[in-house]
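Presented below is the structure to which this report refers.
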Amino acid sequence: GCSSNEDPAETPETPGAETPGETPEEPAEGGVIYSNGGPIEFFEHPWLNPGSFLYNKTLFDHLIVADENLNPEEGQLAADYNISEDGMNLEFNLKEDLFWHDGEAITADDVKESIEYALKISGLNAVFASTFNAIKGAEEFVAGTADEIAGIVVDGNNIKIEFAKLAPDALLTFTQFAPLPMKHFEGEDPLNFQQSAFWQSPVGSGPFMVEEVKLNEYTTLKPFDKYHAGAPSFSIYLTPSPGDSDPNLVTNAQAGMVDYAFTKSVEAANSLKEVEGLNVTQVDIRYTRLFYPNKFPKADGTPSPLADAKVRQAIAYAIDMAAIAENLFKGAAVPANSLSPNEATKATGLNDYDYNPEKAKELLAEANWDEDYELDVVYYYTDQQTVDFMAAIQSYLKDVGIKMNFRLLEGDLGSLLWTPPADPVNGPSAVEWDLAYAANAALSLHEYYDRYQTGSSSNSHTPSDPKLDELIEATNSTFDTDEIVAAFQELQKYENETLFTIPLYYQPTFVIESDKIVKGAPAYGNPQFNYNWEIQNWEVKAD
Amino acid sequence: MSRKLDRKFDRILEREEKGLNGGKTMNRSLRKFLKNRLAIVGVVLFALILLASIFAPLLTSYDPLGVDMSSVLEAPSREHILGTDKIGRDIFSRVLYGGRISILVGLGSALGAAFIGVLLGAYAGYKGGKIDKFILRVSEIFMSFPQIVLVLLLVTILGQSLTNLLIIFILTGWGSVYRMTRARMLSIREEEYVQALRAFGLNDFIVAYKHMLPNAIGPILVNITLSTAMFILEEAALSFLGLGVPLEIATWGNILNAAQDQSVLLNNWWIWLPVGVVISLFVMAVNFMGDGLRDSTDPTQQG
Amino acid sequence: MEKETRENDVILRVKDLKTFFYTNNRCNRAINGVSFDIRKGKTLSIVGESGCGKSVTASSIMQLLPELSRIEEGEITYFSSDGEVNIEKLPKNGKKMRSLRGSDIAMIFQDPMTALNPVYTIGFQIVENLRAHMNMSRKDAKKRAVELLAQMGIPNPEQRVNEYPHQFSGGMRQRAMIAMAMSCNPKVLIADEPTTALDVTIQAQIFELMMKLKEDFDTAILLITHDMGVVNEVSDDMAVMYMGNIVESGETRDVIKHPAHPYTKALLQSIPILGKGRNQDLEPIRGSTPDPYNRPVGCQFRDRCDYMTEKCGEMPPEEMVSEDHMVRCWHWKEVLK
Amino acid sequence: MKKEREVLLSLNNVKTYFPVKKGVMKKTVGYVKAVDDISIDVYKGETLGLVGESGCGKTTLGKSILQLVPATDGEMNYNFDGDVKDLRTLDRKSLDAARKRMQIVFQDPHSSLNPSFTIYQSLSDPLKKFGVEKKEDRRKIIGDLLEAVNMRAEYMDRYPHEFSGGQRQRIGIARALSVNPELIVCDEAVSALDVSIQAQVLNLLKKLKEERDLTYIFITHDLSVVEYISDRIAVMYLGRIVELAEADELYKNKLHPYTQALLSAIFVAEPDRKTNRIILEGDVPSPMNPPSGCSFHPRCSYCMDVCKVERPALKKYEIDGTDHYVACHMVEQKKEGKYNGEI
Amino acid sequence: MFSYVIRRILSLIPMIFIITFLIYFGLELTPGDAVSHLIPPDALANVSPEQLEAVRESFGLNDPFLVRYFRWLGEMLQGNFGFSISSGVSISEIVMRNLSSTIELSVAALFISTVLGSILGLLSALKKGTLADNVLTVAGMIGVSIPQFFFGLVCILLFVLKWRIFPIRLLPHQTSFVDEMKVLFLPAMVLGISLTAGVMRYTRSSMLDALNKDYIKTARSKGLSEWRVNLVHGFRVALTPVVVLIGFRLPMLIGGSVVIESIFQRQGIGSTFVTAVRGQNYPLVMMIALFSVIAVLVSSFVVDILTAALDPRVKLE
Ligand SMILES: Nc1ncnc2c1ncn2[C@@H]1O[C@H](COP(=O)(O)OP(=O)(O)OP(=O)(O)O)[C@@H](O)[C@H]1O
Ligand SMILES: Nc1ncnc2c1ncn2[C@@H]1O[C@H](COP(=O)(O)OP(=O)(O)OP(=O)(O)O)[C@@H](O)[C@H]1O
Ligand SMILES: [Mg+2]
Ligand SMILES: [Mg+2]
């Protein structure tokens, strides 16, 4: 059976609380802030979604802290950091007197071991993975021919990382990647990382530490008095909820149990605006909802109806995203023209594919669209809104003469959605659908596009395209900011023209804060990532 | 109370003295059924909702799937009797068309379960022996799960679809019909007319299905109505949890699913209240009918 | 003089009793003018076919009629030691009526299988009766219950008193019922077909017991039965009932020897008599009893009667054949030959 | 005086046991010996009365003969017009032939007819099975049958609830007659009827027997009735026959103590007759564990030591020129002159 | 008695064996496995198939079906119910953790429905045919006809969202008994009331049944007072089937509170089961399914014992 847990009996203990000499002299004089997103079954590890959960953001510190736009700002665990001009060498010096919540010192070895361990787990964040895999010696380490990564050298508080190939997101990675006290994972199978007893009550390095865990009921976090940047003055009470769509958010808020939260649900945000004492702020983030059009020939050899770019464009024209965004999403979705969100550096002059059924019909006629063909559209979200959205699209497509059928995908999603064909050029397709409705959230722009390179292990829908390969390669081959921006703009234009993905809309997120938070974060960033929100300095009204 | 009874007695007596009260030819059960006012209310409500669902196209010109992004979340108005939902579909029309599926699931599962249960129960109950023991064991296995646990398990095993839901309900429902039929057959088996038929050496199937079954049908009918009600509720609950009929098909439960969103619950009563009321009314109608049937087929009840 | 004493002997008198049922919105004149006297320490049998109203008569006396029925008219007079009680006037479940039930007038039922509450011990059910009517401590009552069981010929009463009805055989249960009924020395014991559910050998046991108790306690018995043999052998007086009326009544011997009503006569001729073998002539009564909701006008028996004339379209009055021999028939003289 | 009569059915050591199951595992913990070793000949054209108290196995014996309840052991030799076969070993087809020759009439007028079928519907299937294919033929036959039992032919389209108990019982008889049987088992055919109706049915049965040359096995617990209708009477006690004789003979010379008690327990509607009642002690024991030896011994006032251990066999005695069978040690010893007590 | 218990338990073993096998087999037939649920679908795009394979291997999911089943069975027989695939927490711990909340809710609901239902049913039967009876009958009908979740939603809307009478969740400092009762009250009431109707109807018909019995006439013929006749003789007998009904409901409640738990945001066995089923978390699904099957079997066993205690005619053999 499961080998992950040698001794389950010691699971529920809170390691931090029982360390001798660590009794909190004084409970936080401040109040309590309530938030959702507490653990249900376990604390989710921070190496996949580094900041989705409030507990991950408060329990763990990172080497570097980023500003609200996720640009590296200054060291956090690191006193300073330094990256070479060509981006191939990175160096950190850890601060003195850093402690884990269990009272042990944080060492540079912890950082190194964390990186090594991360490469062995499944489901590592894509950006982390590409950065770590670029480190010199990582390949050998992963292949098992080396015991450690040769490219990471530790000397006292100093960590030197040498890359074998360019890692454009190296600094970004270290703003999000949380080193963990690796001694707690000794002897455990990295493949069962999440199943480790550690995640029942993790030991971190951040300003808050776990006080009490009552899974399914609540979790409380208290200030960590040895925090290097000064202990906070309040504690945190978390109610459990699954991921970022908490169905009970409104009820909880009305019961006065939400002081800080974020949600992607427009409805919830709208209801919350009406609750007294709550402030709702919309924050744009890198989160795109889109259709993956399957352009590979079918298993029986028939060509994909979507292989023709005109059809894809017709689909984009046929859908009145503006109306949907306004009505179904209550104005809280932004029609998208590219995978890349609307950031300052985005290419200009892109075609917005504004609602134009006539144009769509024309394009379809040009493409000889078969009226009898029924598009097979799949989705994997189980909420009502998705179904409503699908229904709306179905109705729009019907208007231009495209039949479509939508269904919820169940089962082994990994293979149903992302299995690439054995032959990435000619297919046939390894998946069955025509369009897949999905989301792309990315820490960096690279993450959005890298998978379209030929040979990627999860590109199930776009056949190899030398032009595309070339454009993607260009974004990854320099460490010069301007060059990167230019490369991405080229890529965006190509994407906008060919619609190898059909972007639908960008979804902002809503940050909810109550009046109880007198002084909050200095700026609003993407609440799902780690940025310099200075929670240790927040001021909270006492109850 | 006794004075009220006295008055009733006097009335009856008076009428009889006048020589009235002739020509009652109606079947006794039917008469009792009709006398049961609630049952009548049930039949009327049932017929009303059923007919409205069947003849939905005559009652509404809206397509239940017709998205109209220009009129979303509109409150009831002359245009849309029950308002519109988040993508501008007419709720009245959705409730009507949704009724088709919900009633189909409820009635279909109840009939399906009854069919299997009766088919097996009648024969096994009459014949006894190994077949009976075997089927009884199988039904025991099905019945040793709490219903909802079994349904959830089957939903994952078979996957979510309308047909699967029907199959699941039939699978989970036949056991009780089987047991009831079997029990009835066991007692009818001891009736002397059955013994007499056996003395002629008549074919088992003829004895079981032709001669005995009609006498067991009363409680079975009651069971069918009551389980129709149960299955409709169960479909609604499952759909509400998002585990029933796939969300893209309009059913009463799926329409109500929208109320999981608390802002809808708070602000858009027309999305969930009318459907909730319709489900309740329909189930109540079926229950009233079942109760009326039970009373009218139960000889021990007098009125 | 003779008449005087007979009058003084009466313990319970039913006069012109009518009890109707109102089920299914119809009126069933289940008993329609019934009169009889029960004499102190004597046994009165009521015989008649199924559905003629025997049980309803008994229930009327006990005021234990079901909900959809009522006593329309007539008198039920109980001559207690402290004056007459008009039972039909008492509130159904009032205090007075309750104090009569089970102590002055007790009843035993046809089916001892169902007449005892299965979840209480025999002792509990006897004690309950004792304590409802006599000021008795639980312990005394229990002791008395054991005595009673012993008296009824139940072996091992100390142990049996703590057993449940299902542990008793049919005959034993009926004995226990009798013990319960006799526990407060009732003046009148109503026995509604007490042996119908029992075997012949057990029936003989039960009747022997009842007759002995009647002697010992001077209890008057109203015995309801459909067995002419039983009537003949155990009762002092008898009344023949047909479709809600008593068609003939009188001293048992007298009635059986000289039946004055065609029905009584036909009844006696239609039952095989033990010992007469195959050669006796059974003369069945024609037809069957009429539908209670569709009773004939006048004499209820007329459609089945050999003596029927036009006159029978009218209900015959009660006439006296001899001093205590009453009959309701226009043609009783012809019947007597 | 004794005439050689043709045997129609001969039972040899017939036993019918019902297993008693108990507990979760439904283990058989014993047997109800409902019919326990019965041997008897049924002669063609006679009425054999079978009497006994409730639970002594009368019905079970009747049903075993008709193969409605499988007998556990023994032979049932039936005379198919000279061709004698054991009913228990017949194959399906010959069993059907046998079923045409034997029928049964039941006790309860309320459950003996299917309440949801008309009389025609109820009687039609058996006729169909025995080869009357055309509907008109069946209607004709059923009409005739109803007339044979003194009812009107058009009643065949009525439902059972429209008939009185006596009428239903007659329909039950008509059903039994529908296949023209030779042997009819009447299981308490008149017990549930009112006295006034009982006589109608008894006379009908007598009439039919004469008309159609039937043989009856007449089961009842009413001794007056059985005396009236039977040629021979068998008295049963706890699954066995304790006495068997011509009807008159039995009433004249009741040899078995149980028969004596049973007959004396009857109340008779003759005012001048004095009955010398023998009141038996105790109840009928359970057939699951009957007493050892003679099963009547605990209630018998003549009980001897041998009665407690040895089961008496049914022995034949010739009395007044007729065969009289008794199973009693006391009678046996007396006949042999060994017993000197009173009877 | 003791040997009865032992025999009963022994007779359950083959049943449980068959049932577990069927569940295991059924789950085997479903597409996908726990691993495909471990990682969110969006992130799955970044996990290579080899990695997934390795995870499967590490959980032993690649062994043949029978091997896995018997391994599971073997472990279970040794009292080792395994670990939840998603969290690695021991399953007995998860079940225990959720059970208390479910039991709390179920017991409260059962209590409410039993007390209310039997009293109302009794009244209704005694007042048969009166206005009160009719009102109760119709109310009972409505009670069994309104979907539980709809009733619950309306209650939440009114009592929690609109009028704010009851909290849906406690604040950290609210740990007193009164506070706990406050959160429990609404869901327990909703569940309890929706069950009450059934108990009431059942009690009524059972009571009417009992009142039709001959021994009620016997009791009246003894001159007992009406309440004694109705309660001591009638209700006492009518109670047996009601107790049986309630006994059979107990396990249903454990699984049947899924809906209530979901709308009232209570974590319990029901909601855990739904999550486990959705995540194809075999060991957990097996354990809860098994647990509920055992609950059914045990409660039918308890019902037997209760019936035997209530009805002297019934003997445990
Ligand atoms: N509870 C009842 N409800 C309706 N009608 C009843 C009820 N009890 C008796 N009757 C009717 O009253 C009439 C007399 O019935 P009763 O029970 O007195 O007959 P009985 O002489 O005691 O018959 P049996 O010998 O079968 O006991 C019948 O027509 C019967 O249908
Ligand atoms: N199907 C059966 N299974 C088990 N035991 C049975 C079955 N049928 C009859 N018995 C038992 O066999 C014994 C004889 O029953 P049977 O019905 O033959 O008696 P009977 O003489 O006809 O009695 P009655 O006069 O009551 O009809 C009884 O103890 C009865 O309980
Ligand atoms: Mg009666
Ligand atoms: Mg019998």
Side-chain angles (χ1 to χ4, degrees), chain C residues 47-52 153 155 168-172 195 197-205 207-209 225-234 252-257 263 266-291 304, chain D residues 47 51-56 163-167 190 192-204 206 221-231 247-248 250-252 258 261-275 277-286 299:
Chain C
V47 277
E49 285 174 81
S50 185
C52 69
F168 278 49
S169 69
M172 288 293 174
T195 58
L198 305 176
D199 272 320
V200 270
T201 54
I202 311 294
Q203 165 171 308
Q205 293 173 356
F207 277 127
E208 199 204 35
L209 172 67
T225 178
H226 53 246
D227 188 337
M228 275 294 185
V230 170
V231 175
N232 175 41
E233 293 204 28
V234 300
T252 306
R253 221 184 133 75
D254 198 10
V255 174
I256 289 185
K257 274 200 146 168
Y263 177 62
L267 211 51
L268 285 167
Q269 275 172 356
S270 69
I271 44 176
I273 303 271
L274 189 71
K276 289 196 176 166
R278 265 169 296 167
N279 305 324
Q280 51 189 317
D281 269 339
L282 289 198
E283 284 178 32
I285 308 177
R286 274 183 285 125
S288 53
T289 46
D291 172 12
R304 304 173 76 185
Chain D
T47 300
V51 287
E53 287 179 285
S54 179
C56 69
F163 295 106
S164 71
Q167 285 173 314
V190 295
L193 301 177
D194 262 321
V195 276
S196 71
I197 311 298
Q198 192 175 319
Q200 291 174 358
V201 177
L202 282 176
N203 285 353
L204 173 71
K206 267 195 159 174
H221 58 254
D222 186 329
L223 290 128
S224 321
V225 167
V226 84
E227 189 201 12
Y228 172 69
I229 199 154
S230 309
D231 300 311
D248 316 338
L250 186 79
Y251 280 85
K252 255 192 276 151
Y258 175 65
L262 199 62
L263 286 174
S264 81
I266 309 294
F267 292 78
V268 182
E270 269 191 341
D272 293 328
R273 185 144 95 189
K274 226 30 273 116
T275 354
R277 190 149 289 137
I278 305 168
I279 304 283
L280 285 179
E281 293 285 311
D283 298 309
V284 186
S286 143
R299 300 172 80 192

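Chain letters run A, B, ... following the sequence lines, proteins first and then strands; every chain starts at 1.
- For D/Asn203, the side-chain hydrogen bond (donor to acceptor under 3.5 Å, both in side chains) test picks out D/Tyr228, with sequence neighbours left out.
- Under the salt bridge (Lys or Arg N to Asp or Glu O under 4.0 Å) criterion, D/Asp272 pairs with C/Arg253, C/Lys257, not counting sequence neighbours.
- In this structure, chain D has a heavy atom under 4.5 Å from the side chain of C/Phe207, while its backbone stays farther away.
- One distance of note links CG of D/Leu263 with CD of D/Glu227; it measures 8.0 Å at 0.5 Å rounding.
- Looking at D/Val195 and C/His226, their side chains never come closer than 4.5 Å, going by heavy atoms from C-beta outward.
- Judged by distance alone, the side chain of D/Gln200 and the main-chain N or O of C/Ile285 form a donor-acceptor pair under 3.5 Å.
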**Report entry** Worked check of side chain to side chain contact (heavy atoms under 4.5 Å, CB included) between C/Lys276 and D/Tyr251
**Finding:** CA-CA 9 Å; C/Lys276 289 196 176 166; D/Tyr251 280 85; over 6 Å; no
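- No other option in D/Lys252, D/Lys206, D/Arg273, D/Glu281 has as many heavy-atom pairs under 4.5 Å with chain C as D/Arg273.
- Taking D/Ala247, D/Ser230, D/Ala261 one by one and counting their heavy-atom pairs under 4.5 Å with chain C, the maximum is reached by D/Ser230.
- For C/Val231, no part sits under 4.5 Å from any heavy atom of chain D, backbone or side chain.
- Among C/Gly170, C/Gly229, C/Pro155, C/Ser50, the residue making the largest number of heavy-atom pairs under 4.5 Å with chain D is C/Gly229.
- The part of C/Ile271 that comes within reach of chain D is its side chain, from C-beta onward, which places non-hydrogen atoms under 4.5 angstrom from that chain.
- The backbone N or O of D/Val268 lies less than 3.5 Å from a partner atom in the side chain of C/Glu233, making a donor-acceptor pair.
- Among C/Gly275, C/Gly171, C/Gly51, the residue making the largest number of heavy-atom pairs under 4.5 Å with chain D is C/Gly275.
- A donor-acceptor pair shorter than 3.5 Å cannot be found between the side chains of D/Gln167 and C/Ser288.
- The candidate from C/Arg286, C/Met228, C/Gln205 with the greatest count of non-hydrogen atom pairs under 4.5 Å with chain D is C/Gln205.
- Taken to the nearest 0.5 Å, the CG atom of C/Asn232 stands 4.0 Å off from the CD1 atom of C/Ile256.
- In this structure, the portion of C/Glu208 lying under 4.5 Å from any heavy atom of chain D is its side chain and not its backbone.
- Comparing C/Gly153, C/Ala266, C/Ser270 by how many heavy-atom pairs each has under 4.5 Å with chain D, the most go to C/Ser270.
- With a threshold of 4.5 angstrom between heavy atoms, C/Arg304 approaches chain D through side-chain atoms but not through N, CA, C or O.
- In this structure, no portion of D/Asp222 lies under 4.5 Å from any heavy atom of chain C.
- Looking at C/Leu267, only its side chain comes within 4.5 Å of chain D, counting heavy atoms on both sides.
- Here D/Asp231 is the residue among D/Val284, D/Asp231, D/Leu223, D/Leu202 with the most heavy-atom pairs under 4.5 Å with chain C.
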